[in-house]
Asks: 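Take a look at this one; I'll ask things after.
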Amino acid sequence: MAKLRTSSPARETQRKRISELSKEIDGLREQMGKPSGNYAEKDDLKRLGEAIKEVDKKRLEDYDKIRTDLLKLSNTLKSTAGTGKPPKGKEPPVSETPGAEKATPADKGTFEPYVVQSGDTLDAIVQAYKAKNIKITVAQILKANPGLVPEKLHVGQKIVIPAP
């Protein structure tokens with residue numbers, strides 16, 4: 001009978017423990033059925049919305065600035081295209097070699113270096129030289145600069161202007 005008494009309280013303890021574990025498992029199953037969550041709070045969404053509005057406002061301001069600048073540039077190009085004069089400040093540079101004389105139409109076969117400036121095209125460069133009574137053509141510039149791609153001129157690029 002001693003065995004029955006010792007095993008009966010042990011069994012009762014096991015049953016209680018099993019019952020507790022069963023309840024714990026049920027609770028865990030219930031938690032798994034619910035969506036877990038790091039959901040955004042209402043204030044978080046409000047702050048995000050305000051930040052998006054601010055970014056959009058700045059984007060529109062930038063768009064307006066760029067559009068205004070492009071219109072100014074377009075008007076400048078239109079006004080200088082018909083006059084045959086280079087844009088303001090686009091005079092052909094003097095030869096970079098100290099003591100060297102500027103190329104003139106009489107200097108057949110001589111070359112003058114030219115540094116491309118912002119907004120320059122070969123046509124604008126030709127017009128600037130024509131304004132100084134130096135007759136040169138785009139074809140002559142291209143011949144003097146093998147491999148030159150007119151559409152890919154960049155500021156600071158050095159090209160050779162041949163004397164006519």
Side-chain angles (χ1 to χ4, degrees), residues 24 26-164:
E24 191 175 337
D26 288 341
L28 290 173
R29 284 184 183 148
E30 190 175 319
Q31 281 182 347
M32 286 182 61
K34 294 179 184 176
S36 63
N38 291 336
Y39 295 106
E41 297 291 323
K42 189 175 183 178
D43 291 340
D44 295 333
L45 293 176
K46 188 175 180 180
R47 281 193 303 269
L48 179 61
E50 289 170 359
I52 289 172
K53 284 180 184 177
E54 184 66 25
V55 167
D56 196 45
K57 179 182 171 187
K58 288 181 180 180
R59 181 189 58 81
L60 291 172
E61 288 171 358
D62 288 345
Y63 169 79
D64 289 339
K65 288 177 185 176
I66 291 169
R67 186 170 181 266
T68 302
D69 289 346
L70 286 174
L71 288 173
K72 287 178 185 176
L73 179 61
S74 173
N75 290 336
T76 301
L77 291 174
K78 286 178 185 175
S79 67
T80 60
T83 64
K85 294 180 183 176
K88 198 174 191 179
K90 297 290 182 203
E91 297 298 318
V94 181
S95 176
E96 295 177 1
T97 310
E101 294 181 29
K102 242 172 89 173
T104 62
D107 297 335
K108 300 282 184 195
T110 62
F111 295 89
E112 181 174 325
Y114 180 84
V115 179
V116 175
Q117 300 171 12
S118 179
D120 274 349
T121 63
L122 290 183
D123 288 324
I125 294 168
V126 166
Q127 292 301 322
Y129 276 91
K130 282 184 182 177
K132 298 236 179 213
N133 291 325
I134 300 173
K135 295 191 180 0
I136 190 80
T137 65
V138 170
Q140 289 171 318
I141 294 174
L142 289 172
K143 186 176 178 183
N145 296 275
L148 179 67
V149 180
E151 296 81 22
K152 294 186 179 182
L153 287 179
H154 58 84
V155 175
Q157 180 178 2
K158 292 182 180 182
I159 60 173
V160 174
I161 306 296

Asks: Any chance you could measure Glu151, atom CD, to Thr121, atom OG1, to the nearest 0.5 Å?
Replies: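 If I round to the nearest 0.5 Å, the distance is 10.5 Å.
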Asks: Distance from Lys57 atom NZ to Glu50 atom CD, nearest 0.5 Å?
Replies: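 Reported to 0.5 Å precision, the distance equals 12.5 Å.
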Asks: Is the shortest heavy-atom distance from the side chain of Pro162 to the side chain of Gln140 under 4.5 Å?
Replies: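 The answer is yes, as the side chains (C-beta and beyond) meet within the 4.5 Å cut-off.
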Asks: Taking only residues two or more places apart in sequence, or in another chain, which ones meet Asp64 in a salt bridge (Lys or Arg N to Asp or Glu O under 4.0 Å)?
Replies: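 Asp64 satisfies salt bridge (Lys or Arg N to Asp or Glu O under 4.0 Å) with no residue once adjacent residues are dropped.
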Asks: Find the distance between CG (Leu122) and CD1 (Ile161) and round it off to the nearest 0.5 Å.
Replies: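 Going from the CG atom of Leu122 to the CD1 atom of Ile161 covers 8.0 Å.
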Asks: Tell me, do Thr137 and Val126 make a side-chain contact under 4.5 Å, heavy atoms counted?
Replies: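 Thr137 does not reach Val126 side chain to side chain.
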Asks: May I ask you to say whether Arg59 pairs ionically with Asp62, meaning some side-chain N is under 4.0 Å from a carboxylate O?
Replies: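 Between Asp62 and Arg59 there is no salt bridge, as every charged N stays at least 4.0 Å from the carboxylate O atoms.
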Asks: Determine the sole option in Leu77, Asn75, Asp69, Leu71 for which the side-chain contact (heavy atoms from CB on, under 4.5 Å) test with Leu73 is passed.
Replies: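 Between Leu73 and the candidates, side-chain contact (heavy atoms from CB on, under 4.5 Å) is satisfied uniquely by Leu77.
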Asks: Tell me whether the count of non-hydrogen atoms from other residues, nucleotides or ligands lying under 6.0 Å of CD in Glu24 goes above 12.
Replies: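 No, the 6.0 Å shell around CD holds no more than 12 heavy atoms from other groups.
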Asks: If you take all heavy atoms of Val115 and Lys158, which pair is closest and at what distance?
Replies: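 Taking Val115 first and Lys158 second, the nearest heavy atoms are CG2-CG, 4.0 Å.
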Asks: Report the distance from atom NZ of Lys130 to atom CD of Gln127, rounding to the nearest 0.5 Å.
Replies: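 Spacing of NZ (Lys130) from CD (Gln127) equals 5.0 Å.
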Asks: If you measure from the Lys or Arg side-chain nitrogens to the Asp or Glu carboxylate oxygens, is any gap between Lys53 and Asp56 under 4.0 Å?
Replies: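 Result for this pair is no, no salt bridge flagged.
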Asks: Between CD of Gln157 and CG of Leu148, what distance do you get to the nearest 0.5 Å?
Replies: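 So the CD of Gln157 and the CG of Leu148 are separated by 6.0 Å.
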Asks: For Arg67, check salt bridge (Lys or Arg N to Asp or Glu O under 4.0 Å) against everything at least two apart and list the hits.
Replies: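 Salt bridge (Lys or Arg N to Asp or Glu O under 4.0 Å) check on Arg67 returns nothing, list empty.
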Asks: Would you confirm whether Ser74, through its side chain, and Leu70, through its main-chain N or O, come within 3.5 Å as a donor-acceptor pair?
Replies: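 A pair under 3.5 Å: no.
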Asks: Look up atom CD1 in Ile136 and atom CD1 in Ile141, then write down how far apart they are to the nearest 0.5 Å.
Replies: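 Here the rounded value is 5.5 Å.
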